[in-house]
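For ligands, and for the atoms within them, numbers begin at 1 and follow the listed sequence.
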Amino acid sequence: MAHTILVLNGPNLNMLGKREPTIYGHETLADVEQLCVEVGSGHGFAVQCLQTNHEGVMIDRIHAARGTVAGIVINPGAWTHTSVAIHDALAAAEVPVLEVHISNVHKREAFRHHSYVSLVAVGVIAGFGTHGYKLAIDHFAKLLKTA
Ligand code: DQA
């Protein structure tokens with residue numbers, strides 16, 4: 001059976017393409033999700049995608065990932081910097097997590113320099129634009145083949 005990779009995007013990422021394009025670029029969320037499905041299928045993965053602006057919806061989806069997906073790629077958006085609850089949900093899921101940020105958060109405001117999610121992530125990809133999602137899925141291919 002194909003491994004399933006879950007690609008999660010948090011608040012405001014539905015606005016990709018329109019939102020602050022000098023920071024986040026011109027690609028839309030649909031472009032990003034299509035990229036993830038294509039890259040995943042190139043590695044033999046099934047890819048499921050969810051974007052939500054509602055923290056409880058995100059937490060429920062993370063819980064449902066436990067025992068059902070091989071890896072989570074998550075761009076938690078602003079919850080990165082604020083949400084102990086997303087951190088705790090990811091810890092409870094016991095699924096390997098790769099954290100992705102389109103922008104280089106370390107080059108931006110100080111409040112973006114801390115991540116609750118990094119504490120439960122295998123690795124963090126930031127500043128590579130939407131290419132970061134591809135890098136994350138490529139890394140899962142390597143990680144899961146050698147597991
Ligand atoms: C982001 C960075 C966050 O600080 C911000 O709140 C976002 C997007 C990124 O992809 O660069 O919503 O996660």
- Tell me: protein heavy atom nearest atom 9 (C) of ligand 1, and distance? Ile102 N, 3.3 Å
- Which pair of heavy atoms, one from His113 and one from Val105, lies closest together, and at what distance? CD2-O, 3.1 Å
- Message: If you measure every N or O of His101 against every N or O of ligand 1, does any of those distances drop under 3.5 Å?
- Response: yes
- Report the part of Val105 in contact with ligand 1, treating N, CA, C, O as backbone and CB onward as side chain, heavy atoms under 4.0 Å; options are side chain, backbone, both, neither. side chain
- Task: Name the closest protein heavy atom to atom 11 (O) of ligand 1, giving the residue it belongs to and the distance to 0.1 Å.
- Result: Ser103 OG, 2.6 Å
- Query: Hey, what do you get for CD1 (Ile137) to CZ (Phe45), rounding to the nearest 0.5 Å?
  - Reply: 8.5 Å
- Message: I need the minimum non-hydrogen distance between Val95 and Ala65, along with the two atoms involved.
- Response: CG2-O, 3.7 Å
- Mark the output for Arg19 as yes if a heavy-atom distance to ligand 1 is under 4.0 Å, and as no if none is. yes
- Message: Are any of the N/O atoms on Val100, whether in the backbone or the side chain, positioned under 3.5 angstrom from an N/O atom of ligand 1?
- Response: no
- Note on the structure: Numbered in order shown, the ligand 1 atoms found under 4.0 Å of a heavy atom of His81 are 3 (C), 4 (O)
- Query: Are side-chain heavy atoms of Leu50 and Asn9 found at a separation under 4.5 Å?
  - Reply: no
- Does Glu99 reach the main-chain N or O of Ser118 with its side chain, forming a donor-acceptor pair under 3.5 Å? yes
- Message: Can you tell me which portion of Asn75 lies within the under-4.0 Å heavy-atom range of ligand 1? Options are side chain, backbone, both, or neither.
- Response: side chain
- Taking His81 for the side chain and His114 for the main chain, is one N or O donor matched with an acceptor at less than 3.5 Å? yes
- Message: Tell me the closest heavy-atom pair linking Val47 and Cys36, and the distance in Å.
- Response: CG2-O, 3.5 Å
- Message: Counting only nitrogen or oxygen atoms and a 3.5 angstrom limit, does Arg112 reach ligand 1?
- Response: yes
